[in-house]
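For reference, the structure is listed below as structure tokens.
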Protein chains: 2
Amino acid sequence: MPIEKDSPQGRRAPARRAGDHGRYGRLSRERVLATALRLVDREGLSALSMRRTGAELGVEAMALYRYAAGKDALLDGLVEALYAELEERLAASPESPGWRDELHRIAAETYAVALAHPNVAPLLATRMLAVPLARRPLAVLRDHERVLTVLGRAGLDEETTVMAFRAVTGWLLGYVLGDLRAMVDNPDEPDPAFRLGLHRMPARELPRLRDAAPTLARHGGPAGLAAGLDALLDGFTRGAA
Amino acid sequence: MPIEKDSPQGRRAPARRAGDHGRYGRLSRERVLATALRLVDREGLSALSMRRTGAELGVEAMALYRYAAGKDALLDGLVEALYAELEERLAASPESPGWRDELHRIAAETYAVALAHPNVAPLLATRMLAVPLARRPLAVLRDHERVLTVLGRAGLDEETTVMAFRAVTGWLLGYVLGDLRAMVDNPDEPDPAFRLGLHRMPARELPRLRDAAPTLARHGGPAGLAAGLDALLDGFTRGAA
DNA sequence: ACCGTACGTTTACGACGTATATGTACACTT
DNA sequence: AAGTGTACATATACGTCGTAAACGTACGGT
């Protein structure tokens, strides 16, 4: 905070005062969430604070409390924003006729959204799953509804459908989280062993891992996601059919 | 902090002073991690701070920095502790002869460890996966080595093995994170609809989810984990065999 | 008897989340 | 046109956090 603190003789040209609702227009939940999302995308989760988000908006931290009940709610809002983006994407391309293709479409778009906001993805594990089902943001519930509905087209009984639902969402989350961050230590090093930081690894005791590391360090990408998804779906539909 | 702050006339019976290495014996990395783990198990991740962990040990916060480079390192240490526990458990029961059974054993023990420390589990997503492969704690690398080795017994080629490795670990993580926390809103309410908080849900727009919610709110448990695992393994081995 | 070093404390700083109180401008009434 | 309620943002303050830097004390080796 500089010196011009709104001194009594004050009102230097653009010095905001109480009630002056910001020079950048009014706040809104959307503006707050979008700003927080940009901040996290740019500088990571640990850079997100009420104070910094407020500063980004040209506003004091306490002003945000009208649009998010607290920091936890702000984090939940980021999850919400991600699912809103997913819904947009899904609405942009046509629904596939086959249930299996449709699940692949959903998975691929989810992967794409997470890839676009890698710093936010961990919140899916820490925040979204920690909230009881019925309290999750509407966009999340609509996603669940969509997956359940598509799975219903496969003609499974209720019990198996729920199993498959859990399997698909669990797989999706696990894969996305694992695949998102490069497992690479130093991206600029040309020698693969050094690039992966393998010289730090007691390779003698971990021969299998040493051999697999280069392959492992490559992203599985959407292809790996789809392969696992197919494996899962095969497993559940064969048991039922 | 009470009044007795080591006043000059001081040395009331057990008043610790600089250099008095604590009344509870020396510190060690194991003691620090174990204390932090207990604290998190008892009061949750957000209760973990250097200061509180220190207090729990009868020591100032700064004393911990000799055993963990900072709070981040402390969190990583918790992951390490979890995998150490997993290794103990795996060593306690005999290895299965069949590769498939052995994978089930690993999965089940991993699930059990996570269940024993539900508050720590999110760290597997946020901390462990964020660290480049080669920098992960040794216990984690040994776990990866073990899974890769067991998968090798299935006779898959290198590419497929890595795929399957990713699938298994992803599935494990996703399932554990999703299944750990009850999806229940208010556990004491007898009416299922209220217990699940379904009255908060716009049920009209989410009919499929409303029907599935009771089943969904029940834990899948180890059985669900195993079912998905088998489905995955079937998918990968059939493609190769 | 001396000293280096391992171990823990003290002090301090800036950032954080948020409870509480306060101020201002605009939409309404009348 | 004057008055008023309320929506919106600020101001101030408190306790907690992570951690850098400097300091003290005890102990093993000489």
Side-chain angles (χ1 to χ4, degrees), chain A residues 1-8 10-12 14-32 35-36 39-40 43-78 127, chain B residues 1-2 4-8 10-11 14-32 35-36 39-40 43-78 127:
Chain A
M1 203 177 304
I3 308 192
E4 47 167 328
K5 227 210 131 175
D6 186 36
S7 50
R11 98 183 48 181
R12 236 100 52 147
R16 213 157 356 95
R17 313 217 309 293
D20 173 2
H21 291 183
R23 2 176 203 215
Y24 304 112
R26 290 259 286 290
L27 290 179
S28 72
R29 180 165 173 84
E30 284 69 32
R31 284 228 297 148
V32 170
T35 304
L39 182 59
V40 171
E43 305 190 35
L45 260 184
S46 64
L48 182 71
S49 77
M50 301 301 273
R51 287 168 143 101
R52 284 215 55 189
T53 308
E56 208 90 355
L57 284 159
V59 130
E60 297 299 314
M62 293 310 290
L64 306 179
Y65 280 78
R66 196 168 300 276
Y67 307 97
K71 178 160 187 191
D72 285 358
L74 191 60
L75 292 171
D76 291 340
L78 290 184
R127 290 256 121 218
Chain B
M1 204 177 301
E4 45 168 328
K5 225 209 133 175
D6 186 38
S7 50
R11 102 179 45 182
R16 210 158 358 93
R17 314 216 309 294
D20 174 1
H21 292 182
R23 357 171 210 220
Y24 303 113
R26 290 258 285 290
L27 290 180
S28 73
R29 180 167 172 84
E30 284 69 32
R31 285 228 297 146
V32 170
T35 304
L39 181 58
V40 171
E43 306 190 35
L45 259 184
S46 65
L48 182 71
S49 75
M50 302 300 274
R51 289 168 143 101
R52 284 214 54 189
T53 308
E56 209 88 358
L57 283 160
V59 129
E60 297 300 316
M62 292 310 291
L64 306 178
Y65 279 79
R66 198 167 299 275
Y67 306 97
K71 181 166 186 187
D72 285 359
L74 191 60
L75 292 170
D76 292 340
L78 290 184
R127 289 256 122 216

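Each chain gets a letter, A, B and so on, in the order its sequence line appears, and its residues count up from 1.
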Worksheet item: By side chain to side chain contact (heavy atoms under 4.5 Å, CB included), which residues pair with B/Ala69, not counting sequence neighbours?
Response: B/Ala73
Worksheet entry | Under the salt bridge (Lys or Arg N to Asp or Glu O under 4.0 Å) test, residues paired with A/Arg51 that sit two or more places apart | none
Item to complete: Could I get the full list of salt bridge (Lys or Arg N to Asp or Glu O under 4.0 Å) partners for B/Arg66, not counting sequence neighbours?
Response: none
Practice prompt. Consider the side chain of B/Arg52, meaning its heavy atoms from C-beta on, and name the nucleotide among C/dC16, D/dT19, D/dC17 that approaches it most closely.
Written response: D/dC17
Item to complete: Using whole Å, report how far CG of A/Leu48 lies from P of C/dT18.
Response: 12 Å
Worksheet item: Can you tell me how far CG of B/Leu74 sits from CZ of B/Arg127, rounded to the nearest 0.5 angstrom?
Response: 10.0 Å
Worksheet item: How many Å lie between CE on B/Met62 and P on C/dA6, as a whole number?
Response: 18 Å
Worksheet item: Among residues 64-76 of chain B, which residues get a heavy atom nearer than 4.0 Å to DNA chain D?
Response: B/Tyr65, B/Gly70, B/Lys71
Practice prompt. State whether A/Arg51 places a side-chain N or O below 4.0 Å from either non-bridging phosphate oxygen (OP1 or OP2) of C/dG17.
Written response: no
Practice prompt. Take the protein atom CZ of A/Arg26 and the nucleotide atom P of C/dT24, then report the distance between them rounded to whole Å.
Written response: 18 Å
Worksheet item: Among C/dT18, D/dT19, D/dT10, which is the nearest nucleotide to the side chain of A/Ala63?
Response: D/dT10
Discussion item. Rounding to an integer number of Å, can you tell me how far B/Glu56 CD sits from C/dG8 P?
Written reply: 17 Å
Worksheet item: A/Glu30: what forms a salt bridge (Lys or Arg N to Asp or Glu O under 4.0 Å) with it, not counting sequence neighbours?
Response: none
Worksheet entry | For atom CG of A/Leu45 and atom P of C/dC16, their distance in whole Å | 14 Å
Worksheet entry | Distance in angstrom units between B/Leu57 CG and C/dT9 C1', rounded | 15 Å
Discussion item. I'd like to check the side chain to side chain contact (heavy atoms under 4.5 Å, CB included) partners of A/Ala55; sequence neighbours left out, ordered by chain and number.
Written reply: none
